[in-house]
Q: 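Sending over a structure as structure tokens; questions will come in a sec.
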Amino acid sequence: MQLAHRHDWSLTPSEAIALQQRMRAEVIADQPLDVDAVRLVAGVDVSVRDNVSQAAVVVLRFPELTIVETVLAAAPTPFPYVPGLLSFREGPVLEEAFRKLKHTPDVFIFDGMGIAHPRRLGIASHMGLWLGLPTIGCGKTRLCGRHEAVGPDKGDAAPLIDRGETIGVALRTRAGTNPVFISPGHLCDLPSAVTLILRTTPKFRLPEPVRAAHKAAGAMASQDR
DNA sequence: GCGACAG
DNA sequence: ATCTTGTCGC
């Protein structure tokens, strides 16, 4: 699929922050997504090995969750990991992968945050603006905001609040495992995001699209933290 | 000045 | 994210 060029990726941390401040105004995170109309869901992930970033985008049919397309892209890792600036590290190689897609997903699920970010522009929101399509953030750990204890059953959730604003939820996707952090990326609201995440997470802690992308990106080491 | 801190 | 074995539990 094609996507319009939004901006240069070669920025200093200071410039990157300024860009986030400008782009946050374009994000639409209060629009319902018709989950029942979704036909294709994509999982997005990037693994890093020896300064090389390997991106993977896997498209699955919904609600069957069967894989219909996998695209890969690799490039030198251009930016260090800085909390709050993840999109400037993974964005370039993801842009390359998105351009290779033959199918146009109805929604993308990212391994990271949407608006649950200090400047409300996590990687799912940022790339959502590049894509011009619905995106959702699904992180394994919290970046910002606070929440009360989450119930023990699948589907239990606790609002993630930052500076008096609800930016997402800590969601239990499987009993006995830590909750995941869900937030709207772009062109999607929180209730819709939670609904889609639960419908794409039939067995494990992480949504099938994200698991498939993680696997395709080649992150085969022992993972924790 | 001291913590917190997606992947 | 990545470096890494065995082990506990369903």
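Labels below follow one simple rule: chain letters A, B, ... track the order of the sequence lines, proteins then strands, and each chain is numbered from 1. Values reported hereafter were calculated over all heavy atoms of this structure, with side chains retained and with hydrogens, waters and symmetry mates removed.
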Q: Rounding to a whole Å, what distance do you find between Arg146(A):CZ and dG3(B):P?
A: 18 Å

Q: Please state how far atom NZ in Lys140(A) lies from atom P in dA6(B), giving the value in whole angstrom units.
A: 10 Å

Q: With clusters defined by side-chain heavy atoms of hydrophobic residues (ILVMFWY) lying less than 4.5 Å apart, directly or transitively, does Val68(A) cluster with Met1(A)?
A: yes

Q: Taking Lys215(A) first and then Asp45(A), would you say they form a salt bridge - that is, a charged N and a carboxylate O separated by under 4.0 Å?
A: no

Q: Hey, does Phe110(A) have a side-chain heavy atom less than 4.5 Å from the side chain of Leu94(A)?
A: yes

Q: With Val194(A) as reference, evaluate Leu196(A), Leu190(A), Ile197(A) under the side chain to side chain contact (heavy atoms under 4.5 Å, CB included) test and give the passing residue.
A: Leu190(A)

Q: Atom CZ of Arg89(A) and atom P of dT2(C): how far apart are they, to the nearest Å?
A: 9 Å

Q: Describe the nucleic acid contact of Gly139(A) in one word from base, sugar-phosphate, nothing, applying a heavy-atom distance below 4.0 Å.
A: sugar-phosphate

Q: Side chain of Arg49(A): nearest nucleotide among dA6(B), dT2(C), dA1(C)?
A: dT2(C)

Q: Looking at dC5(B), I'd like to know if its phosphate oxygens (OP1 or OP2) sit under 4.0 Å from a side-chain N or O belonging to His117(A).
A: no

Q: Is Tyr81(A) stacked on the base of dG7(B) when the test is centres under 5.5 angstrom and planes under 30 degrees?
A: yes

Q: Provide, to the nearest angstrom, the distance between the CD atom belonging to Glu90(A) and the C1' atom belonging to dT2(C).
A: 13 Å

Q: Whole angstrom is fine here: how far is it from CD in Gln54(A) over to P in dT2(C)?
A: 11 Å

Q: Which of these nucleotides, dA1(C), dA4(B), dA6(B), is closest to any side-chain atom of Arg142(A)?
A: dA4(B)

Q: What is the distance from CZ of Arg120(A) to C1' of dA6(B), rounded to the nearest Å?
A: 14 Å

Q: Which is true for Leu85(A) with a 4.0 Å heavy-atom rule: it touches a base, it touches only sugar-phosphate, or it touches nothing?
A: base

Q: Quick one: Ile167(A) CD1 to dC5(B) C1', roughly how many Å, whole number?
A: 13 Å

Q: For Asp111(A) and dT2(C), what is the distance between atoms CG and P respectively, to the nearest whole Å?
A: 10 Å

Q: Could you tell me whether the side chains of His7(A) and Trp130(A) share a donor-acceptor contact shorter than 3.5 Å?
A: yes

Q: For dG7(B), take OP1 and OP2 only and decide whether either is under 4.0 Å from a side-chain N or O of Ser47(A).
A: no

Q: Considering only side-chain heavy atoms of Leu86(A), which listed nucleotide, dT2(C), dG7(B), dA1(C), is closest?
A: dG7(B)

Q: If you look at every strand shown and take non-hydrogen atoms under 4.0 Å, does Gly84(A) touch a base, only sugar-phosphate, or nothing?
A: base

